[in-house]
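Down below is the structure, laid out as structure tokens.
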Amino acid sequence: MPSMVDLYPFTRRSFLGGIAASVTLVALHPYAARAAANQAHLRLMETTDIHVNVMPYDYYADKPNDTMGLARTASLIDSIRAEAGNSMLIDNGDFLQGNPMGDYMAYQKGMKPGDVHPVIKAMNALGYDCGTLGNHEFNYGLEFMFNTLAGAQFPFVCSNLTKGQLAADPKQDPLYFKPYHIIEKQIRDGSGATSPIKVGFIGFVPPQIMLWDAKNLDGKAQTRDILQAARAWVPQMKEDGADIVIALSHSGIDGHGESEGMENASLYLAGVEGIDAIFTGHQHLVFPGPKDFDDVPGADAVKGTLLGKPAVMAGFWGSHMGLIDLLLEKDGSSWKIVDFTCEARPIYHRDDKRKVVADTADKPEVVASIAAEHQATLDYVRTPVGKSSAPLYSYFALVADDPSVQIVSLAQTWYIEQMLKDGPHKDMPVLSAAAPFKAGGRGGADYFTDVPAGDIAIKNVADLYLYPNTIQAVAITGEQVKNWLEMSAGIFNTIAPDAKDAPLINTDFPSYNFDVIDGVTYQIDLTKPPRFDKDGKAVNPNSSRIVNLQFAGKAIDPGQTFVVATNNYRAGGGGKFPEIGADKVVFVGPDTNRDIVVRYIVDQGTINPSADGNWSLAPIPGASVVFETGPRARDYLKDFKAAKIEEAGDGADGFARFRLTL
Ligand code: MN
Ligand code: MG
């Protein structure tokens, strides 16, 4: 134990004007110093949602990234252990999938019996005591998962995943894993003497894996409600002698009431008699901490409690180490918790210019343990995984249907049709909304998607889908589809019928809100004023820029219901599209849209993302407009047939100007 001044209170994150500052000095936790002869300090450490991010490296962008990496979180572990009297380390799931290293292992290298997966190598190097499964462990199939787990030098628990039919009594369920694991640990008390404590860990996976991974789990598994499993097994853990019971809950925090089969059950799990502390995850948020859970009744986001019990959620990709510190007191032959603190300790902070500053260095043993796989992953992201028969560029994405947007829509439709095929929405047509994310604007003249025809490498996919959004789908009427498009059409200025070289684009309207909806056909009449303002308010309720809106070759039925594949941002009300919000959501997926594009390319081998021309600007005979785009657009001009475009000189700030004859 290093002898240091007790600086503990100052190692907690402090928030100044919303910017996290942290000081990561090794300092004894007060419990370690304060524990009396009959007391002991036990520190429980959590990693969660690592998603194969061992290295602080963004493989999609093919460059280092200081906000992620178990190799960084790991270097916190030594100092965190040093601060504590006694400690244990657990992982809360979603370690196996979610970055190109995971895809490389699954799609290219494979896991044979005896192979050790790099994320498991890294975890073995750190000495975990126990782990549980997240939903993403199932993404590559059960065989791959079990071959991977076999390499771990620590046990996994999961109490609500069965090999088949649920039993009438949850304790008779045919489980794949041990529901819980009790570790008898020698802990040192305040007098320096050691004595045993039995720490029980019980694991939970979101029941929704049966939907999300139906293709891997149908006929092979079933899931039980998290709270049912907890209420059945926790008393058994106490009977087996567990002094304390810790829930490893790969499930988030949702305060909207308990319901059977709920995905984010951790708040109500805290109410289960006998559970002493809860590690949460799955939502990729931070608890305790500002903003993420301020408004959840029953959650104290300052102290880190759920219904009064200690709880943490340690971010994602290794961004934080979750800590629950327990002051234990011997109560006869058993131990009980007399006090606790909770903390989510970050691996980086942002300076006053919002620039990321690393607070930890790589742990060399972890980096060394996966050096070969890191290099193999770099090679993998740089080599082709599929082919495109057309170039994928966004230079003309605001004036005509565009291949870089088309491929995202194709992938989203492909995914959502699979997800909904057996459910209550199976008979509804699936449309898909996607926007050009990289389309110049404030990003500058080089800020465009530009992937040549031919081989597509994984690193190109980041260019096709810039943000780590996740997939969602909404169910809306034909009328709402039209209003969605009317909102998108707000990116254009109103053009007079006799306009000559009028500026086309309203540069205050961000391109990521210019959703194109695939699966319907339409034209945009620029002579009409926009129906909606930027807040989705109908400022010209009788104006209709969207004309000839058709589905399946006929005028769209305003009353027909459609499913629209989109992302969590739009489905959650982002961009203030009229009537689009959480109440319309019918599917919330665990996958990033970017990952869906990767899977689509891998699945299809060769893709043909040529834009299908499902939308266009309506002709205005005799009128012309100008717009600016990246100068490399000139290279593609001669093959571009979707609109009448010609060069019109240079724009400002390195942009090129083009004239569009309507
Ligand atoms: Mn996750
Ligand atoms: Mg299209």
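Both counts, for ligands and for their atoms, begin at 1 and track the order of listing. These numbers were taken from a predicted model, which means no experiment stands behind them. Positions are given from 1 along the sequence.
Note on residues 276-289: pairs passing side chain to side chain donor-acceptor pair (under 3.5 Å), not counting sequence neighbours, are Asp49-His284, His51-His284, Asn135-His282, His250-His282, Glu263-His282.
Only protein N, O or S atoms were considered, and those under 2.8 Å from the Mn ion (ligand 1) are Asp49 OD1, His51 NE2, Asp94 OD2, His284 NE2.
Here Arg594 pairs with nothing under the side chain to side chain donor-acceptor pair (under 3.5 Å) rule; sequence neighbours left out. Qualifying side chain to side chain donor-acceptor pair (under 3.5 Å) partners for Asp62, counting only residues two or more places apart in sequence or in other chains: Tyr57, Arg382, Lys459.
Residues Tyr512 and Asn469 bring no donor and acceptor atom of their side chains to less than 3.5 Å of each other.
Counting heavy-atom neighbours within 6.0 Å of Asp583 CG, excluding the residue itself, gives a total above 12.
Leu89 and Leu126 make their closest contact through CD2-O, 3.7 Å (heavy atoms, listed as atom of the first residue, atom of the second, distance).
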